[in-house]
Student: 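Structure below; questions to follow.
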Amino acid sequence: MPIVKYPRATEPLWHEWERKAQKCGLRHRIYAVNGDQYTGEWLDNLKHGKGTQLWKCPKAIYSGDWKYGKRDGYGSYSILDPVTKEYKKVYTGWWKNDRKWGYGTTLYPRGERYEGEWRGGLRGGWGRMYYRDGSIYEGQWLQDEPDGQGMLRLPNENRYEGAWKDGKKHGHGKFFYLDKGQLFEGIWVADIPKCGILIDFGRDEAPAPPRYPIPKV
């Protein structure tokens with residue numbers, strides 16, 4: 001007569017069923033009570049590998065790599081456009097521990113765009129930001145602000161090259177007034193030039209130079 005093994009008397013029967021149903025390696029589609037949905041690979045009952053998560057609220061989708069239940073690796077994050085009713089990618093790049101981490105591109109609601117490095121979900125490292133007014137900042141970032149060495153080019157092609165701190169010009173830098181044919185080089189503090197030298201720079205090619213040139217000292 002075959003021997004039949006029963007679960008231990010102290011253990012509910014559903015525990016045994018749950019262990020047998022644990023997801024590992026294969027692709028599964030799981031629906032949550034709140035309407036969220038996940039389709040992808042699993043390991044030890046955690047999202048792990050390639051998968052797509054749909055959040056009902058907010059209406060968003062992540063598709064990419066997972067590691068032990070968190071977004072980790074390469075993936076894209078999209079949100080539902082209230083006008084077109086279609087999902088629009090807002091971030092494509094690398095993730096770590098459920099946050100943007102590494103190189104990635106973000107599209108902002110007003111048409112602005114950032115391409116560069118991220119640290120802990122914030123812009124950090126090297127990156128390029130395209131602003132709505134046509135300005136472009138390229139350089140170092142820290143805690144979501146320009147910080148370190150960088151260049152800001154304005155829509156009229158004037159530009160600042162130099163040091164930044166907390167999102168403001170701070171330290172030694174050069175401001176090229178290409179529309180006037182002048183160059184200011186000096187020290188800045190919280191976006192304000194404190195001391196320096198203003199000289200003519202490409203005055204003959206400037207579209208709107210001052211009436212009189214700057215006298216040489």
Side-chain angles (χ1 to χ4, degrees), residues 23 25-43 45-148 150-160 164 166-168 191:
K23 300 166 288 295
L26 301 178
R27 292 181 63 85
H28 295 268
R29 176 171 294 175
I30 302 299
Y31 298 91
V33 176
N34 62 0
D36 293 350
Q37 175 184 321
Y38 173 80
T39 304
E41 299 172 334
W42 298 77
L43 179 64
N45 234 21
L46 294 173
K47 302 165 189 173
H48 190 90
K50 300 290 185 181
T52 300
Q53 172 76 38
L54 169 64
W55 289 275
K56 184 178 179 180
C57 186
K59 295 185 181 299
I61 294 178
Y62 169 80
S63 182
D65 297 323
W66 296 79
K67 187 175 181 180
Y68 301 118
K70 295 183 178 181
R71 291 169 289 186
D72 201 299
Y74 190 85
S76 62
Y77 182 78
S78 306
I79 60 174
L80 187 68
D81 189 309
V83 178
T84 64
K85 303 301 180 182
E86 296 180 352
Y87 281 94
K88 179 180 180 181
K89 287 184 180 180
V90 293
Y91 176 77
T92 302
W94 292 92
W95 302 73
K96 182 179 179 181
N97 199 30
D98 225 26
R99 295 183 178 182
K100 302 171 188 174
W101 204 301
Y103 190 88
T105 300
T106 290
L107 301 177
Y108 295 91
R110 300 188 303 169
E112 297 180 331
R113 183 172 86 255
Y114 173 79
E115 302 172 352
E117 296 177 293
W118 297 78
R119 296 289 185 275
L122 302 175
R123 290 168 289 186
W126 178 92
R128 184 187 295 117
M129 183 72 190
Y130 297 85
Y131 294 96
R132 187 181 184 184
D133 65 357
S135 301
I136 301 174
Y137 170 81
E138 182 174 354
Q140 296 174 310
W141 294 75
L142 181 65
Q143 295 292 312
D144 230 25
E145 297 282 1
D147 198 295
M151 178 186 73
L152 175 68
R153 186 168 72 242
L154 302 177
N156 62 1
E157 297 301 325
N158 289 350
R159 69 179 187 270
Y160 169 82
W164 297 76
D166 298 329
K168 297 180 179 180
D191 259 351

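Side-chain atoms are counted along with the backbone in the values below, which use heavy atoms only and exclude waters and symmetry mates.
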Student: Residues in ring-ring contact (aromatic ring centres under 6.0 Å, His included) with Tyr68, at least two apart?
Tutor: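 Residues passing ring-ring contact (aromatic ring centres under 6.0 Å, His included) with Tyr68: His48.
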Student: Mind checking salt bridge (charged side-chain N to carboxylate O under 4.0 Å, His left out) for Glu157 and listing every partner two or more places apart, or none if nothing turns up?
Tutor: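 Salt bridge (charged side-chain N to carboxylate O under 4.0 Å, His left out) check on Glu157 returns Arg153.
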Student: What pairs with Asp144 under salt bridge (charged side-chain N to carboxylate O under 4.0 Å, His left out), at least two apart in sequence or on another chain?
Tutor: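 Testing Asp144 for salt bridge (charged side-chain N to carboxylate O under 4.0 Å, His left out), a comparison that skips the adjacent residues, returns Arg123.
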Student: My understanding is that only residues two or more places apart in sequence, or in another chain, count here; which of them pass side-chain contact (heavy atoms from CB on, under 4.5 Å) with Arg99?
Tutor: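 With neighbours one apart ignored, the set is empty.
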Student: Name all pairs fulfilling the salt bridge (Lys or Arg N to Asp or Glu O under 4.0 Å) condition that reach into residues 101-110, sequence neighbours left out, sorted by first residue then second.
Tutor: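 Found Arg110-Glu112.
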Student: Among residues at least two apart in sequence or on other chains, which ones pass side-chain contact (heavy atoms from CB on, under 4.5 Å) with Leu154?
Tutor: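 side-chain contact (heavy atoms from CB on, under 4.5 Å) list for Leu154, sorted by chain: Ser135, Leu152, Asn156, Asn158, Phe175.
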Student: Working to the nearest 0.5 angstrom, can you tell me the gap between Lys67 NZ and Leu46 CG?
Tutor: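 Spacing of NZ (Lys67) from CG (Leu46) equals 12.5 Å.
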Student: For Gln53, which residues count as a side-chain contact (heavy atoms from CB on, under 4.5 Å) partner, sequence neighbours excluded?
Tutor: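 For Gln53 the side-chain contact (heavy atoms from CB on, under 4.5 Å) partners, ignoring immediate neighbours, are Asp36, Tyr38, Lys47, Trp55, Trp66.
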Student: Report the distance from atom CG of Leu54 to atom OG of Ser78, rounding to the nearest 0.5 Å.
Tutor: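 With rounding to 0.5 Å, CG (Leu54) is 11.0 Å from OG (Ser78).
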Student: Which pairs pass side-chain hydrogen bond (donor to acceptor under 3.5 Å, both in side chains) with one or both residues in residues 87-98, sequence neighbours excluded?
Tutor: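 Only Lys70-Asn97, Arg71-Asp98 qualify under side-chain hydrogen bond (donor to acceptor under 3.5 Å, both in side chains).
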Student: Using every non-hydrogen atom in the two residues, find where Trp42 and Ile30 come nearest and quote the distance to one decimal.
Tutor: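 Shortest heavy-atom separation between Trp42 and Ile30 comes out as CZ2-CG1, 3.4 Å.
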Student: Is Asp65 reaching over with its side chain to a backbone N or O of Tyr74, donor-acceptor style, under 3.5 angstrom?
Tutor: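 Yes.
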Student: Taking only residues two or more places apart in sequence or in another chain, which ones pass salt bridge (charged side-chain N to carboxylate O under 4.0 Å, His left out) with Lys59?
Tutor: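 Lys59 satisfies salt bridge (charged side-chain N to carboxylate O under 4.0 Å, His left out) with no other residue.
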Student: With sequence neighbours left out, write down each residue that passes ring-ring contact (aromatic ring centres under 6.0 Å, His included) with Tyr114, or none if nothing qualifies.
Tutor: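 If we apply the ring-ring contact (aromatic ring centres under 6.0 Å, His included) test to Tyr114, skipping adjacent residues, the hits are Trp118, Trp141.
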Student: List in chain and number order the residues that pass side-chain contact (heavy atoms from CB on, under 4.5 Å) with Glu115, two or more places apart in sequence or in another chain; answer none if no residue qualifies.
Tutor: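 Here the qualifying residues are Tyr103, Thr105, Arg113, Arg128, Tyr130.
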Student: Starting at CZ of Arg159, measure out to CD1 of Ile136 and round the result to the nearest 0.5 Å.
Tutor: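 Here the rounded value is 12.5 Å.
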Student: Once you round to the nearest 0.5 Å, how far does CG of Leu80 lie from NZ of Lys56?
Tutor: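 Here the interatomic distance stands at 13.0 Å.
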Student: By salt bridge (charged side-chain N to carboxylate O under 4.0 Å, His left out), which residues pair with Asp81, not counting sequence neighbours?
Tutor: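 Residues passing salt bridge (charged side-chain N to carboxylate O under 4.0 Å, His left out) with Asp81: none at all.
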Student: Glu117 and Trp126: which non-hydrogen atoms are nearest, and at how many Å?
Tutor: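 Looks like OE1-N, 2.6 Å.
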Student: What's the separation between atom CD in Glu138 and atom CE in Met151, rounded to the nearest 0.5 Å?
Tutor: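 So the CD of Glu138 and the CE of Met151 are separated by 5.5 Å.
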